[in-house]
Amino acid sequence: MWKGLLVSLAIVSCWARMEDLKLYTTDNPYRVSSVINSENGFKATLSYTGPLIKDSVQNLLLEVFYLNDYSLRVRLTDQNNARWEVPDIIQKTETEAFNRQYKVELNYDKFGIKVTRVANGEVLFQVKPDSDFQYNDRDIIWPLEFNEETYLYGLGERVSNFRLKPGVYTLFAKDASGPFDDGKFPGDSLYSSQPFYLALKKSGYASGGFLLNSNAMDAYVDVTSLKYRTIGGVIDFFLFTGPEPEDVVRQYQALIGKPVLVPYWSFGWHHCRWGYKDLDALEAVVRNYTERGLPLDVMWTDIDYMQDYLDFTVDDSRYPPEKLKAFIDKLHANDQKFIPIVDAGVAMTDYFGYNEGLKRNVFISSPNHPGPFIGKVWPGLAVFVDWFNPNATQYWHDMLDIFHSNMEFDGLWNDMNEAANFCTGECGYAPVDLNLPYTPGGEDLNSRTIDLSSTHYNNISEYDVHNMYGFLMAKASASYIVERMHKRPVVISRSSFPGHGKYASRWLGDNGSTWDWMRWSIGSTFSFQMFGIPLIGSDICGFNYNTTAELCTRWYQLGTLYPFARTHNSIEAIDQEPWSFGDQLLRVANKSIRLRYSLIHFIYSEVFKLSLTGGTYFKPTFFNYPKDTLLWETYAEDNFMLSDKLIVHPVLESGVDHRLAYFPDDLWYNFYTGASLQLPENRVVDLSADIEDPVNIHIRGGSIIPLADHADTAKTIEQLRNTPLTLLIALDKHGQAHGDLVVDDGISPDTLEKSAFNLLRFEHSQASNSHSKLRIVPSGDYTPKKGEYESISRIVVYGCNKAPAGSSAGGKVYKYSETCLFEMNGVRLDGETVIDLFYKD
Ligand SMILES: *[C@@H]1O[C@H](CO)[C@@H](O)[C@H](O)[C@H]1NC(C)=O
Ligand SMILES: *[C@@H]1O[C@H](CO)[C@@H](O)[C@H](O)[C@H]1NC(C)=O
Ligand SMILES: *[C@@H]1O[C@H](CO)[C@@H](O)[C@H](O)[C@H]1NC(C)=O
Ligand SMILES: *[C@@H]1O[C@H](CO)[C@@H](O)[C@H](O)[C@H]1NC(C)=O
Ligand SMILES: *[C@@H]1O[C@H](CO)[C@@H](O)[C@H](O)[C@H]1NC(C)=O
Ligand SMILES: CC(=O)N[C@H]1CO[C@H](CO)[C@@H](O)[C@@H]1O
């Protein structure tokens, strides 16, 4: 692919202004030589000329690839020795760049690279020749300078404000759902490593970057810069030019894989709790839902069901096999699903899970003795599957087969997969001293996890792959569901790594039942949307500590709009089932779940589309209005948008019955009444928010949303596949609107490959003053089953300023203040259709 031509590049000997030079004390010791240019990039050699440091890599190979017009890859590897590189994450893409949106300059004398945006000349990033760039064996610094104030997001996982304040952020997977992370030195770790950032400048232009590296690292965020400091691997850096935040996210997800298609049912209501000690308790919960007329789609079970916490086993005495089978059969007969937990640690005891794993040699090896590494989790001593061993996936699938024959689950919950370990390093041994020149997070990396000196198949070191454990476990669980159950995967994992969303999903972990944690869940959800894991949410009402009636009630109003909506609770906390706090919570929980139900076709369709295009569903409002700086500075995370159509302002504090809400400059209608919002000059509106009222939602002018009829009485979302739809049309100022509906079977794993779905496009436009047209344009090959998504019952128009006079479907018409209603007599949804709507002139 390299043409082998020696073409001299524009040499810029000194970009740095004099005052910048003072910022750096180190002199980058690498000199550039042998630059070879090609159509799709260039490569060069970097030779170390600095003082003798044992660890410095002497000769680096620099490779720059123009991946396409929007994405650039910069690789720096050791020219003489192989180093650890993350396998199998990057999607194969055509290398095509015709109209590159970026310009690359290389500094020769001392290594430096500068990438600017062609459109406006702004610096997307540069590594300055006088920066503290370094490439030592176990201490690599990749310092990015943005030249002006830059807002940074991402770099997960953490509980923090969405925008990362200047500070240090550790990327090392850990079972520590830690406290609020404000970047204080030495940095905090959480369950995942997600080394992707989104950068936003005052110009409103966004870019993004991704360091493909699985070693422990710190990210130093500053006002105009970001520095990655990793303890191994290589520099394999990707730049995305946007220019809007949503573009950046799509460009990133095209690289790491678009989100996996999850089943329709996974968007239903999920119930879970740690501490339901026997089958009777699970049965009582399901019965309580039914008796109270509350919908329930998915019942879960935490570690309680296991025999002595052994993976793949069920405690026969507390969950008698016959009765358990009848319980799950009944769930299935009622269109409900069942998800159990499966933990990472396999008990080191004489049982099939352990014995079979030994036979197939699938466990991670100890650095201290021959045989598997021994940690400790819920069952006591435990060993851990080495996902790099070619036997591992088949072992995992075979074990899940045994489990599935005892407990017919529909999805899997993967916990403790950072991997968590109650010992520091190997139990019974001192942790092996890593003797690191630099320690991300400042704490011994062996603390409460697998000793980093343990080894995997082919002598891969845990040191290099620690951050991938949860991702690889979830991937193996997902492939079980796809390959052996022939269904779309629902795998809710605690740890993740880039590429996770292509296979599996997430919840936000063991949060606390506090107002703060409820608020922080919004920013965390935004982050995971960027990381490509749309099916995510936090435990509604909170996990640790005791919730309160008011917090729980407000959390239902917010949480039933998370992409993944589950209540879950710790064994140590007071009850928080919807019936645990009297009638008010019960009423609000019921109404909130049913509000979600009414939106289910919208939710499903919008998240489905992400599997085709990438992008975000539950997003910061500024993703839709990137030029509105007030939205990113002041109002970034007390509100959110669902797709580009609904804006939500939940109540996030105690003791209030109204709240201030900022709206971007647009046309907005009250979602429930259709009243158009009158915005004052500062566009801040005092919204009433009584605790019994549904959460404040406004629909953006120009949107069409399909609403499920009978959401007020359905027992499961499955029933809503077979009820008519109401189309809600919110007009923009030109009388136009559009929206989508995806129709498919909701479960097949090969829907995308076979194109077995219909994407119905709704387009509303004005034909004359008294006549508008709603065009329904289908595309795709799915033939609905009888009754499925059959008809439109009504069309409701927000912003119609005339009285309706009738429609081509001949039904009755009504006018309520600013809202018009057309009864449609069940216009069928098959084939291309045009519906005429008439108004009195
Ligand atoms: C089910 O409801 C009953 C009656 O309100 C209550 O006593 C019981 O604790 C509930 N069961 C569970 C598991 O919440
Ligand atoms: C929940 O809603 C259903 C359907 O509207 C109703 O039948 C039931 O009584 C409600 N339950 C509670 C507790 O509000
Ligand atoms: C896979 O398992 C078989 C036994 O089933 C064993 O002989 C073989 O060594 C294992 N392969 C590896 C790579 O560990
Ligand atoms: C395994 O890797 C370690 C360091 O990562 C090295 O010291 C050792 O020699 C390697 N062993 C083999 C068998 O390649
Ligand atoms: C939660 O409430 C229970 C029962 O009132 C109490 O015993 C416990 O100490 C509380 N826990 C916390 C963390 O406040
Ligand atoms: C605020 C809060 O609840 N933080 C807790 C989250 O959960 C972890 C345990 O999983 C605790 O260590 C934190 O204190």
Side-chain angles (χ1 to χ4, degrees), residues 177 179 268-269 271 273-275 285-297 346 352-366 370-373 383-399 454-460 476 510-517 539 541-549 551-553 556-557 560 567 569-598 600 691-694 707-717 719-720 723:
S177 49
W269 175 247
H271 184 100
R273 174 170 199 177
W274 179 19
V285 171
V286 176
R287 194 164 55 239
N288 281 357
Y289 268 93
T290 312
E291 281 173 1
R292 287 165 178 78
L294 298 173
L296 174 67
D297 296 281
V346 174
F352 62 90
Y354 178 66
N355 297 338
E356 199 55 40
L358 276 187
K359 224 185 282 171
R360 304 194 198 183
N361 188 37
V362 295
F363 299 126
I364 293 176
S365 301
S366 165
F373 166 86
V383 294
F384 298 86
V385 176
D386 168 11
W387 304 105
F388 290 92
N389 187 300
N391 285 348
T393 301
Q394 167 134 29
Y395 158 80
W396 194 248
H397 290 186
D398 290 349
M399 296 305 103
S454 308
T455 48
H456 294 248
Y457 174 75
N458 218 2
N459 202 26
I460 293 172
D510 297 340
N511 62 347
S513 299
T514 67
W515 290 90
D516 282 342
W517 275 73
D539 288 339
C541 301
F543 178 76
N544 283 315
Y545 317 142
N546 294 329
T547 196
T548 66
L551 172 63
C552 193
T553 308
Y556 265 90
Q557 293 172 342
T560 46
T567 179
N569 191 7
S570 169
I571 192 170
E572 281 159 14
I574 56 168
D575 292 350
Q576 65 185 35
E577 289 78 6
W579 44 86
S580 301
F581 289 100
D583 284 348
Q584 187 176 70
L585 175 65
L586 201 53
R587 271 196 307 274
V588 171
N590 197 14
K591 280 195 286 191
S592 304
I593 298 169
R594 292 181 184 286
L595 169 63
R596 178 182 182 85
Y597 270 35
S598 72
I600 201 66
I691 196 159
E692 293 261 1
D693 288 342
L707 297 173
D709 290 358
H710 309 318
D712 51 341
T713 53
K715 295 190 172 80
T716 61
I717 54 168
Q719 296 179 343
L720 298 175
T723 61

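All residue numbers in this chain count up from 1 along the given sequence. All ligand and atom numbering here is 1-based and tracks the order in the structure.
At a 4.0 Å heavy-atom cut-off, ligand 3 does not touch Val362 at all.
Residue-ligand proximity, Lys359 to ligand 3, at heavy-atom distances under 4.0 Å covers atoms 4 (C). Close contacts between ligand 5 and Ile574 involve ligand atoms 1 (C), 2 (O), 3 (C), 4 (C) [criterion: under 4.0 Å to a heavy atom]. For ligand 3 and Asn389, the ligand atoms under 4.0 Å from any heavy atom of the residue are 12 (C), 13 (C), 14 (O). Short contacts between ligand 5 and Asn546, defined as distances under 4.0 Å to a heavy atom of the residue, involve ligand atoms 1 (C), 2 (O), 3 (C), 8 (C), 10 (C), 11 (N), 12 (C), 14 (O).
Of the N and O atoms on the side chains of Trp269 and Tyr597, not one donor lies less than 3.5 Å from an acceptor on the other residue.
Summarising the local packing, CD of Gln394 is surrounded by 12 or fewer heavy atoms from other residues, nucleotides or ligands at distances under 6.0 Å.
If you look at Phe543 and Trp517, their ring centroids are not closer than 6.0 Å.
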Can you list the steps and then say if Phe363 with Tyr354 is a side-chain contact (heavy atoms from CB on, under 4.5 Å)?
-> CA-CA 9 Å; Phe363 299 126; Tyr354 178 66; 4.1 Å; yes
Could you walk me through whether Lys591 and Asp712 pass salt bridge (charged side-chain N to carboxylate O under 4.0 Å, His left out), step by step?
-> CA-CA 8 Å; Lys591 280 195 286 191; Asp712 51 341; over 6 Å; no
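Side-chain atoms of Val362 and Asp386, non-hydrogen and from C-beta on, never get closer than 4.5 Å to each other.
Partner of Glu577 under the salt bridge (Lys or Arg N to Asp or Glu O under 4.0 Å) criterion, chosen from Arg273, Arg292, Arg287: Arg273. A side-chain contact (heavy atoms from CB on, under 4.5 Å) with Pro295 is found for exactly one of Asn590, Leu720, Thr713, Thr716, namely Asn590.
Relative orientation of the Trp396 and Trp387 rings is perpendicular, given thresholds of 30° and 60° on the angle between their planes.
Near ligand 2, heavy-atom contacts under 4.0 Å come from Arg292, Gly293, Leu586, Asn590, Arg594, Asp712.
Some N or O of Asn391 is nearer than 3.5 Å to an N or O of ligand 3, by distance alone.
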